[in-house]
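Only this structure's heavy atoms are used, side chains among them; waters, hydrogens and symmetry mates stay out.
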There are 2 protein chains.
Amino acid sequence: MSAAAPRSPRRSSGRPRGADSTARREEILATAAQLFSAEGYRGTSMSGVARACGMSQTGLVHYFPTKDDLLQAVMDRRDEIDTAQVRAPAEGRPRGWEFLESLVDLVRHNQGQPGIVRLFTTMAGEAVDPGHPANTWLRRHHRVTADQIRAALAEAAEDGRLAGDAPVGSIVRTVIAAMDGLQIQWLSDPGCPDMAEDFAVLVDALRRRWGG
Amino acid sequence: MSAAAPRSPRRSSGRPRGADSTARREEILATAAQLFSAEGYRGTSMSGVARACGMSQTGLVHYFPTKDDLLQAVMDRRDEIDTAQVRAPAEGRPRGWEFLESLVDLVRHNQGQPGIVRLFTTMAGEAVDPGHPANTWLRRHHRVTADQIRAALAEAAEDGRLAGDAPVGSIVRTVIAAMDGLQIQWLSDPGCPDMAEDFAVLVDALRRRWGG
DNA sequence: CCTACCGATCGGTAGG
DNA sequence: CCTACCGATCGGTAGG
């Protein structure tokens with residue numbers, strides 16, 4: 001309507017610069033991960049993410065059409081990094097109980113990544129609701145972790161290193177629960193000591209009780 | 001200040017009915033607990049709580065001047081009920097490892113109270129942030145629970161039922177972590193089995209490892 | 001029909 | 001406890 005509308009299409013009228021879209025996506029994912037971890041999904045706004053990236057809200061929507069799309073991309077990226085961390089250290093991952101003990105290293109590694117830990121804990125708290133957009137992610141994350149631990153215990157059994165009456169399901173769920181729960185205490189209390197040491201105590205107790 | 005201030009306290013001029021204020025408070029606390037557990041603190045609005053109680057938002061503000069006040073009252077009430085549950089079953093609470101085993105009953109009891117479990121888990125997820133209004137509650141809740149478990153382990157030590165080199169702090173934190181973490185899995189996955197059984201497996205393993 | 005955004009604004013709701 | 005509002009911001013979409 002205004003006569004001041006830009007009429008020189010060959011100048012820097014429309015978009016500012018032809019920034020690389022892959023780099024932009026990465027920047028958005030990193031920024032969104034930080035905001036989701038600090039404020040939760042519900043507490044984070046698309047315009048807030050856009051502002052933190054130095055772009056407009058509509059520019060953000062170009063990359064991620066909905067808030068849900070952005071969330072899925074952020075959590076998928078988190079799991080990619082995480083999976084790489086669990087599998088990579090040794091080329092073939094540790095066998096049997098040694099895999100459980102290698103999770104102690106993962107917990108120790110996580111202590112250097114408070115942002116990642118915070119993202120997981122904050123999202124898990126919201127996503128327990130079956131209607132939450134991250135519920136599917138949360139359950140898949142737990143299922144994948146459970147499958148890995150279960151496979152390791154099956155190897156232990158093959159090697160004669162697991163009691164025949166060991167409650168495998170309970171062991172799996174308790175190990176995952178301890179990792180999740182220790183993160184809550186560690187994040188909420190700045191004076192909370194080493195998570196890895198606590199977790200090692202659990203693995204040791206379980207192995208002594210049901211290991212061969 | 002205003003000249004329109006209600007001057008006829010005997011008529012039904014201002015407020016609709018002289019509802020009992022204590023009953024109203026209880027109703028608000030129960031309703032708010034439900035909404036906080038479903039939507040989180042950030043996802044719950046004062047006007048939403050008011051609507052669910054069939055009152056106006058300003059009416060609600062009369063009872064709880066700020067959203068923070070409402071939150072504190074809800075969480076304090078939750079802990080009151082919870083503490084009564086832990087202490088009451090036996091008149092004097094179980095001694096030593098038996099207290100740890102009595103926590104299995106608490107976990108079993110919680111399975112009949114999904115609303116309470118959900119409130120705790122949702123709030124814990126948000127409140128890991130030191131700037132969150134429920135952070136103080138979360139840390140106090142964990143500290144009180146930790147003190148109880150530590151006291152029980154001290155009794156076990158007195159009775160010669162605890163190894164001298166037992167890592168008491170790690171045991172305490174791991175037990176709490178397992179309770180918190182099992183709730184996440186149990187809430188998020190409708191097909192998840194008995195939390196109490198899983199938790200009992202942990203207590204058994206810890207007792208066999210460090211019990212006398 | 002594409003990428004990479006812009007300034008402006010929609011109807012509705014937040015805590016107070 | 002009510003009506004009547006505030007400054008701001010929500011997720012999402014319009015045309016260009």
Inset, instruction - Calculate the interatomic distance between B:Arg42 atom CZ and C:dG15 atom P; express it in whole Å. - result: 13 Å
Inset, instruction - Please tell me which of the listed nucleotides, D:dG11, C:dA14, C:dC6, lies nearest to the side chain of B:Arg51? - result: C:dA14
Inset, instruction - For C:dT3, take OP1 and OP2 only and decide whether either is under 4.0 Å from a side-chain N or O of A:Arg24. - result: no
Legend entry - Protein-nucleotide distance (B:Asp69, atom CG; C:dG16, atom C1'), rounded to Å: 12 Å
Legend entry - Within-4.5 Å side-chain heavy-atom neighbours: B:Asp198 and B:Asp194: no
Legend entry - Nearest-angstrom distance from the residue atom CD of A:Gln57 to P of D:dA8: 18 Å
Inset, instruction - Taking only the side-chain nitrogens and oxygens of A:Ser45, find out if one of them lies under 4.0 Å from OP1 or OP2 of D:dG11. - result: yes
Inset, instruction - Report the nucleotide, chosen from D:dT13, D:dC10, D:dT3, that has the shortest atom-to-atom distance to any side-chain atom of B:Thr58. - result: D:dT3
Legend entry - Minimum side-chain heavy-atom gap A:Arg108-A:Met195 below 4.5 Å: no
Inset, instruction - Could you give the distance separating D:dG15 and C:dA4 at their P atoms, to the nearest angstrom? - result: 22 Å
Legend entry - Check: A:Thr66/A:Asp69 side-chain N/O donor and acceptor closer than 3.5 Å: yes
Inset, instruction - Respond yes when some side-chain nitrogen or oxygen of A:Tyr63 is under 4.0 Å from OP1 or OP2 of C:dC5, and no when none is. - result: yes
Legend entry - Nearest-nucleotide pick for B:Thr66, side chain only, options being C:dT3, D:dG11, C:dG16: C:dG16
Legend entry - Listed nucleotide nearest any side-chain atom of A:His62, set D:dG11, C:dT3, C:dC6: C:dT3
Inset, instruction - Say whether B:Asn110 and B:Trp186, considering side chains only, have a donor N or O and an acceptor N or O under 3.5 Å apart. - result: no
Inset, instruction - Measure the distance from CD on A:Glu39 to C1' on D:dC10 and round it to the nearest whole Å. - result: 15 Å
Legend entry - Nearest-nucleotide 5' precedence on DNA chain D, A:Ser47 against A:Val61: A:Ser47
